[in-house]
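Along the sequence shown, the residues carry numbers beginning at 1. Remember, it's 1-based here, ligands and their atoms both numbered in the order they're listed.
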Amino acid sequence: MVSVLRAPGCEDVNEQWFSPTYWGGKAEPVSAGGRGSAWFVHSPSGQLVLRHYRRGGMVARVSERRYLFTGEERTRSFAEFRLLRELHDQGLPVPRPVAALVAKRGAFSYEAAILIERIEGALPMPEHPEVSSEALWHRVGQVIARFHCAGLDHVDLNCDNILVAGERIFLIDFDRCRLHPDADRRARWKERNLSRLRRSVEKRVRPLQPARLERLWQALIAGYESRITDRNA
Ligand SMILES: Nc1ncnc2c1ncn2[C@@H]1O[C@H](COP(=O)(O)OP(=O)(O)O)[C@@H](O)[C@H]1O
Ligand SMILES: [Mg+2]
């Protein structure tokens, strides 16, 4: 059994749209910053990103693509679709969700996929030519603070999930993320998000000297603090 959730205006999306082979040459694997199960798709409704949900690490050996089914609304793809809509409606910089798919496999398991609007000209932060500009890191800090003020706990905040497109900065990849709208100003999960990001920066933005990297990180924290204080959230 297959269920597809569509955004308004995306009624032409069908089950096949979630299969990269259906698109032939019109789907190309994303090379930068992902886990290898995302494709850029040239669809009749514009440029999209298709992502299949996959596990990493040890559990992947048991089942890479299947998850325990406990109701449609709790599936990875439907939950991420709804969260993206909510964030987008709040005016936060996220790509628009287009459609989400759940395919039941037997009574207890499912596979999932999502289609999202592709942000034109976007590059993951580590690939961006301005990755060593303090001004960019300052703005990234401000953007993260906006999400935190809205209560968004990004459980996989790494630098590849921060996209830079010209003057604009987006967060992506909201699988398993949660909203805590009434969170404290200094909630623990906010610190966890930032330390996760810090670790990924150390791994991924390697060619920079440690002292340089530290200055960039301080610029990010300054941007973050400026927004948290401004809004008194
Ligand atoms: N909406 C988007 N617009 C442009 N590029 C995207 C978009 N979503 C994802 N990408 C690209 O695909 C990569 C992987 O996507 P992501 O959603 O982070 O999945 P995962 O990390 O699980 O593979 C990103 O690092 C980015 O390079
Ligand atoms: Mg990612």
Side-chain angles (χ1 to χ4, degrees), residues 6-7 10 13 17-20 23 26-43 45-57 59-60 63-67 75-89 91-101 111-131 136 140 143-144 147 152-178 192-194 196-206:
R6 301 168 182 82
C10 300
V13 177
W17 284 44
F18 296 88
S19 158
W23 295 105
K26 291 189 173 136
E28 33 171 311
V30 174
S31 49
R35 276 170 282 189
S37 39
W39 295 263
F40 291 130
V41 173
H42 310 280
S43 88
S45 334
Q47 307 292 322
L48 307 176
V49 176
L50 166 65
R51 202 170 84 240
H52 286 182
Y53 290 76
R54 294 240 173 121
R55 299 175 204 271
V59 210
S63 173
E64 199 190 350
R65 314 166 62 119
R66 296 205 178 169
Y67 297 94
T75 58
R76 309 286 274 256
S77 53
F78 279 28
E80 186 171 359
F81 178 96
R82 296 217 191 276
L83 180 58
L84 274 171
R85 284 212 60 155
E86 169 83 36
L87 297 170
H88 192 264
D89 290 350
L92 287 160
V94 298
R96 243 175 8 98
V98 169
L101 171 122
E111 295 175 8
I114 193 165
L115 282 162
I116 299 172
E117 159 204 45
R118 178 177 180 179
I119 293 155
E120 223 185 290
L123 286 173
M125 193 181 169
E127 317 267 319
H128 197 272
E130 277 175 46
V131 68
L136 174 67
V140 167
V143 168
I144 295 169
F147 279 86
L152 192 275
D153 176 6
H154 197 307
V155 296
D156 192 18
L157 188 61
N158 63 45
C159 42
D160 286 304
N161 290 335
I162 300 174
L163 299 186
V164 184
E167 290 300 301
R168 300 190 304 158
I169 293 162
F170 295 82
L171 296 193
I172 58 162
D173 203 354
F174 293 92
D175 183 22
R176 292 180 299 113
C177 295
R178 296 174 292 251
R192 275 201 299 273
N193 287 182
L194 291 174
R196 165 89 184 82
L197 178 60
R198 169 81 204 212
R199 287 197 302 277
S200 95
V201 159
E202 281 166 10
K203 273 203 277 184
R204 203 49 182 104
V205 196
R206 263 275 161 67

> Got an N, O or S from Asp173 under 2.8 Å of the Mg ion (ligand 2)?
Replying inline: yes
> At a non-hydrogen distance cut-off of under 4.0 Å, which region of Leu123 contacts ligand 1 (side chain, backbone, both, or neither)?
Replying inline: neither
>> Using heavy atoms and a 4.0 Å limit, tell me yes or no: is Glu117 in contact with ligand 1?
In response: yes
>> Closer than 4.0 angstrom, basic N to acidic O: yes or no for Glu202 and Arg198?
In response: yes
> Can the ring centroids of His42 and Trp23 be said to lie less than 6.0 angstrom from one another?
Replying inline: no
>> Can you tell me which portion of Val49 lies within the under-4.0 Å heavy-atom range of ligand 1? Options are side chain, backbone, both, or neither.
In response: side chain
> Should Phe40 be counted as touching ligand 1, given the test is an N or O pair under 3.5 Å?
Replying inline: no
> Has the side chain of Asn193 got a donor or acceptor atom that lies under 3.5 Å from a matching backbone atom of Leu157?
Replying inline: no
> Is Asn161 close enough that one of its N/O/S atoms sits under 2.8 Å from the Mg ion (ligand 2)?
Replying inline: yes
>> Quick check on contacts: which atoms of ligand 1 are under 4.0 angstrom from a heavy atom of Pro95?
In response: 1 (N)
>> Going by the closest heavy atom to atom 11 (C) of ligand 1, which one wins out of Val30, Leu171, Leu163?
In response: Val30
> Side chain of Arg204, backbone of Cys159: donor and acceptor closer than 3.5 Å?
Replying inline: no
> Hey, what's the ring geometry for Phe147 with Phe174, parallel, tilted or perpendicular (30° and 60° as the breaks)?
Replying inline: parallel
> Under 3.5 Å, N or O to N or O, is Asp160 touching ligand 1 that way?
Replying inline: yes
>> Looking at His128 and Leu163, would you say the former's side chain and the latter's main chain have a donor-acceptor pair under 3.5 Å?
In response: no
> Is there a donor-acceptor contact under 3.5 Å from the side chain of Ser77 to the main chain of Ile114?
Replying inline: no
